[in-house]
Amino acid sequence: MKYLQGLNEAQYQAVTMIEGPLMVLAGAGSGKTRVLTMRIAHLITNGVSPFHILALTFTNKAAREMKERIGKVVGESDAKSIWMGTFHSVFARILRSEAHLLGFPSNFTIYDTQDSLNVLKKVIKELNIDADLYKPKKVMSRISAYKNNLITVRAYLNNPELMEADERANMKYLGQIYGKYVESCFRNGAMDFDDLLLRTNELLTRFPEVLAKYQDRFRYILVDEYQDTNHSQYLIVKALASKFENICVVGDDAQSIYSFRGANIYNILNFKKDYPDAVTVSLEQNYRSTQNIVDAANAVISKNVQQFKKNVFSENETGEKIKVYRALSDADEAGFVAANIWELHNSQQRKFSDFAILYRTNSQTRAFEDSLRKKNIPYRVYGGLSFYQRKEVKDLLAYLRLLVNENDNEALSRVINYPARGIGETSQNKLIVFADSQNISVSKVLDNLGFYSPQLGLNNGILTKLADFWAMIKAFEVMLKTEDAYTVAMEVAKRSGLIKFLKDDQTPEGISRVENVQELLNSMRGFIDEQQQVEDGDPGLSNFLGSIALSTDQDNTKDDDRDKVSLMTIHLSKGLEFPVVHLVGLEENLFPSFMSSSTREELEEERRLFYVALTRAEKQAFFTYAISRFQWGKITDAEPSRFLSEVNSEFLEFINPAMESRFVNHSGLKSNIFDEMPADARSFKKLDPKKKIERNEETPKTMSRNLKPVATARIINPSGQSSQDIEVGDQVRHDRFGIGEVTFLDGTDPQNIKAKVVFQHEGEKNLILKFAKLTKI
DNA sequence: TGAACAGGCGTTTTT
DNA sequence: CGCCTGTTCA
């Protein structure tokens with residue numbers, strides 16, 4: 001068994017104990033993925049049919065990669081027939097084939113968060129409830145929490161405690177809203193994310209024969225990232241595994257970071273109680289990171305009260321200390337990171353793809369995008385607004401959704417008057433109110449428009465427009481019976497007027513919208529091809545739509561193999577690894593988030609998040625924080641994150657140690673770099689006049705702490721050798737930017753002097769002298 | 001009917 | 001700041 005070679009003792013055990021319940025506690029970087037893949041390969045090699053294996057992963061991408069690796073051991077065709085994917089996608093698939101039992105159409109729509117919120121807003125409006133008191137987002141998260149704990153509407157209404165709790169929270173109509181919301185989804189033939197799990201539970205509980213079928217099918221079950229499963233997922237796994245009990249869960253309680261969406265850390269903490277015979281294997285040797293990184297991460301996580309005791313260690317090199325950079329502002333922070341990446345790229349021949357920039361919130365992205373762009377460093381942002389959430393893409397998708405499921409009122413209301421065809425809000429409302437009063441769906445009314453028209457109270461012009469619109473939709477539906485999804489989608493884009501409407505807008509944004517629609521069509525083409533190659537593939541439109549609703553940004557990377565720096569939130573970085581990690585924005589109220597600093601539990605989760613972030617790093621880690629940050633249109637002062645002080649200082653190295661002394665303004669005068677800016681530094685102002693000047697006016701306090709400019713500085717190259725004096729006004733040459741003039745120098749610590757240089761072609765750049773390798777001409 | 005604009009508001013993480 | 005809502009005007 002070649003694939004068993006090179007496993008350590010614990011790994012070997014985890015791979016080869018194939019019968020009975022098994023819990024693998026896998027510390028960060030301990031070869032968890034390897035164990036999972038090899039375990040599955042081992043199952044198949046030992047005669048278990050891939051047909052009987054169910055593997056639940058955290059992302060679809062993880063599943064795809066794992067399949068690939070398994071394929072290399074046992075052959076591609078076996079690997080492909082394993083059921084592997086996220087909870088949501090696997091059970092969406094099962095629900096499609098069993099939906100009729102629950103009263104849903106098999107091509108039910110999957111609502112994403114935005115769809116759910118829209119439905120909820122309508123419900124709240126319909127019930128005449130004050131939307132200010134019942135913020136849709138807040139209501140949604142409560143409903144979600146109920147669903148994830150299998151508290152159905154009925155269960156809720158039978159539970160005085162819950163109702164009282166909501167009443168105390170000024171939400172006494174929550175039950176009503178919840179009820180209406182569920183009804184609405186049902187009528188629309190739609191399930192939200194939580195429904196995919198909740199309805200699966202319903203299916204398995206209400207229909208024992210269905211449960212038996214899948215129990216028999218999934219004789220070997222593996223669950224990755226078990227620490228991040230919620231109660232609903234836990235029950236599904238438990239039900240399916242109860243016959244054979246060949247269940248293997250893999251996880252690390254120290255990396256549980258999804259409690260906000262219902263993840264229940266007790267699922268893993270109590271595994272032994274559920275399966276008293278369970279064997280526990282601990283993987284504690286970290287193969288990923290240097291000792292310094294592992295030790296620093298351990299130091300922080302040890303501050304958590306609630307955890308399994310573990311001894312994660314590394315036998316790799318000690319490695320460099322973690323470098324800490326204290327930035328003056330978010331822009332400065334981003335500038336440092338970009339300069340640092342550029343420098344390491346040059347001096348250590350690191351590929352750009354070796355680097356990750358990890359942050360707590362998506363809104364931090366922008367500054368880094370700016371700084372990387374300025375240096376022409378290629379990058380890719382993960383997460384944020386995904387491709388499929390763009391308006392123009394959602395619009396086309398809404399048409400397609402409607403074709404597949406006429407009852408999807410969300411989709412209908414999105415497209416009925418888009419592009420504008422004269423069916424305004426008033427007319428739409430009449431239609432909806434009438435449909436509701438007759439207790440039929442809007443599509444039924446449109447199906448029999450002639451019959452209902454006298455009662456609708458709409459004028460003939462509108463009625464004609466409605467009829468035309470519906471005839472168009474019907475024509476698409478007919479077409480769908482004979483043509484493939486791509487052809488139909490193409491036709492929809494054209495005939496609905498969507499493309500034309502978008503093409504009329506010749507602004508850059510407008511052009512990119514057309515491209516996005518084109519891209520959607522392409523991805524559809526790709527999906528169909530892919531599905532046709534797989535044995536039990538389904539190239540149908542509804543499968544495509546379902547896969548989109550459940551796809552994450554990570555899944556869509558297409559593993560674009562180009563050499564790029566990765567930017568993402570820490571949450572998205574789970575499971576990944578990078579040679580060099582920049583963990584940025586280490587400030588109180590940002591990380592830990594001000595939303596999660598009130599209770600110990602919340603704080604511990606933030607700490608686990610920190611742990612996850614740091615343990616992504618293989619060779620080098622950088623921490624940065626800014627003492628002031630541009631936020632919500634204002635400058636906010638910031639304090640360093642408490643997590644920084646939780647890392648023993650022996651693991652840290654402060655890049656700008658001289659900084660502290662400079663905070664004291666010895667002259668007693670209020671000074672800032674702008675006052676003393678050389679008169680000829682006009683391009684400095686040009687760079688970003690609004691922002692800089694605003695800051696200057698608004699926060700004299702912050703600015704007064706700023707660096708004092710220096711008149712001359714010594715160029716020190718990274719190796720610390722040969723040097724050269726340089727001063728404002730000098731002509732210099734830069735490897736990439738060419739020739740330019742130094743307009744400004746900044747800083748007294750020779751390791752950290754910054755220069756502003758106006759280049760002939762590239763414009764102004766902020767350079768760190770140490771890194772920039774300027775040559776005086 | 002719909003585009004254009006002003007004002008208010010909330011700001012975490014995601015399947 | 002940027003998103004969303006509501007209002008105004010053509």
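Numbered from 1 within each chain, the chains take letters A, B, ... in sequence-line order. If you're wondering where the values come from, they're calculated on a predicted model, not measured in any experiment.
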- prompt: Hey, which of A/Thr365, A/Asn362, A/Leu358, A/Leu609 is the one that makes side chain to side chain contact (heavy atoms under 4.5 Å, CB included) with A/Thr569?
  reply: A/Asn362
- prompt: Would one find a side-chain N or O of A/Thr113 under 4.0 angstrom from OP1 or OP2 of B/dT14?
  reply: no
Polar-atom pairs under 3.5 Å, protein N or O versus N or O of nucleotides 2-10 of chain C: list them with distances, or write none.
from: C/dG2; atom 1: OP1; to: A/Arg366; atom 2: NH1; distance (Å): 2.6

query: According to the 5.5 Å centroid and 30° plane-angle thresholds, does A/Phe260 stack upon the nucleobase of B/dT13?
result: yes
Atom pair distance, as rounded to whole Å: CD1 in A/Ile257 and C1' in B/dT12: 12 Å
- request: Can you tell me the distance, in whole Å, between the CG atom of A/Leu358 and the C1' atom of B/dT13?
  value: 13 Å
- request: Return the value, rounded to whole Å, for the distance between atom CD of A/Glu369 and atom P of C/dC1.
  value: 17 Å
- line: In whole angstroms, the gap separating C1' of B/dT15 from CD of A/Glu225 amounts to 13 Å
- request: Assign A/Ser89 to base, sugar-phosphate, or nothing according to its heavy-atom contacts below 4.0 angstrom with the strands shown.
  value: nothing
field: Between A/Asn405 and A/Thr109, a side-chain donor and acceptor under 3.5 Å
entry: yes
B/dT14 phosphate, OP1 or OP2, under 4.0 Å from A/Asn362 side-chain N/O: yes
message: Over all strands shown, is A/Asp112 touching base, sugar-phosphate only, or nothing at heavy-atom distances under 4.0 angstrom?
response: nothing
task: Let me know the distance between NE2 of A/His571 and P of B/dT15, rounded to the nearest Å.
output: 11 Å
query: Are the charged groups of A/Asp253 and A/Arg608 less than 4.0 angstrom apart, N to O?
result: no
- request: Kindly indicate whether a cation-pi arrangement holds for A/Arg261 with A/Tyr258, taking the cut-offs as under 6.0 Å to the six-membered ring centre and within 45° of the axis.
  value: yes
task: Output the single nucleotide from B/dT14, B/dG2, B/dT15 whose closest atom is nearest the side chain of A/Ala420.
output: B/dG2
field: Side-chain N,O (A/Ser427) to OP1/OP2 (B/dT1) below 4.0 Å
entry: yes
- prompt: Any side-chain donor paired with an acceptor under 3.5 Å for A/Asn148 and A/Ser232?
  reply: no
Pairing residues for A/Asp112 by the side-chain hydrogen bond (donor to acceptor under 3.5 Å, both in side chains) criterion, not counting sequence neighbours: A/Lys394
First encountered from the 5' end of DNA chain B, between A/Phe87 and A/Gly424: A/Gly424
query: Do any side-chain nitrogens or oxygens of A/Ser363 fall under 4.0 Å of OP1 or OP2 in C/dC1?
result: no
- request: Name the nucleic acid region contacted by A/Tyr258, choosing base, sugar-phosphate or nothing; use a 4.0 angstrom heavy-atom cut-off, strictly under.
  value: sugar-phosphate
Write down the protein N/O and nucleotide N/O pairs, taken from nucleotides 6-11 of chain B, whose separation is under 3.5 Å; answer none if there are no such pairs.
from: B/dG10; atom 1: OP1; to: A/Lys135; atom 2: NZ; distance (Å): 3.4
from: B/dT11; atom 1: O2; to: A/Trp632; atom 2: NE1; distance (Å): 2.9
from: B/dT11; atom 1: N3; to: A/Trp632; atom 2: NE1; distance (Å): 2.9

- request: Kindly point out which of B/dT15, B/dT12, B/dT14 is positioned nearest to the side chain of A/Phe193?
  value: B/dT15
field: Which residues share a side-chain hydrogen bond (donor to acceptor under 3.5 Å, both in side chains) with A/Tyr146, sequence neighbours left out
entry: A/Asp166
- request: Taking only the side-chain heavy atoms of A/Arg261 (C-beta and beyond), determine which of B/dT12, B/dT15, B/dG2 contains the nearest atom.
  value: B/dT15
query: Does anything in residues 459-469 of chain A pair up under salt bridge (charged side-chain N to carboxylate O under 4.0 Å, His left out), and if so which pairs, sequence neighbours excluded?
result: none
statement: note: A/Asp194, atom CG; B/dT15, atom P; distance rounded to Å ~ 13 Å
message: Taking any heavy-atom pair under 4.0 Å as a contact, classify A/Ser144: base, sugar-phosphate, or nothing.
response: nothing
Spacing of the C1' atoms in B/dT12 and C/dT5 (rounded, Å): 24 Å
- prompt: Taking atom P of B/dT15 as reference, at what distance in whole Å does atom CG of A/Leu117 sit?
  reply: 16 Å
task: Would you please confirm or rule out a distance under 4.0 Å between OP1 or OP2 of B/dG2 and any side-chain N or O of A/Asn417?
output: yes
message: Rounding to an integer number of Å, can you tell me how far A/Tyr111 OH sits from B/dT14 C1'?
response: 20 Å
query: Taking the six-membered ring of A/Tyr134, is the NZ or CZ of A/Lys121 close enough (under 6.0 Å from the centre) and on axis enough (within 45°)?
result: no
field: Residue list, ring pair (Phe, Tyr, Trp, His ring centres under 6.0 Å) with A/Phe108, at least two apart or on another chain
entry: none
query: Is A/Asp538 salt-bridged to A/Arg93, going by a charged N under 4.0 Å from an acidic O?
result: no
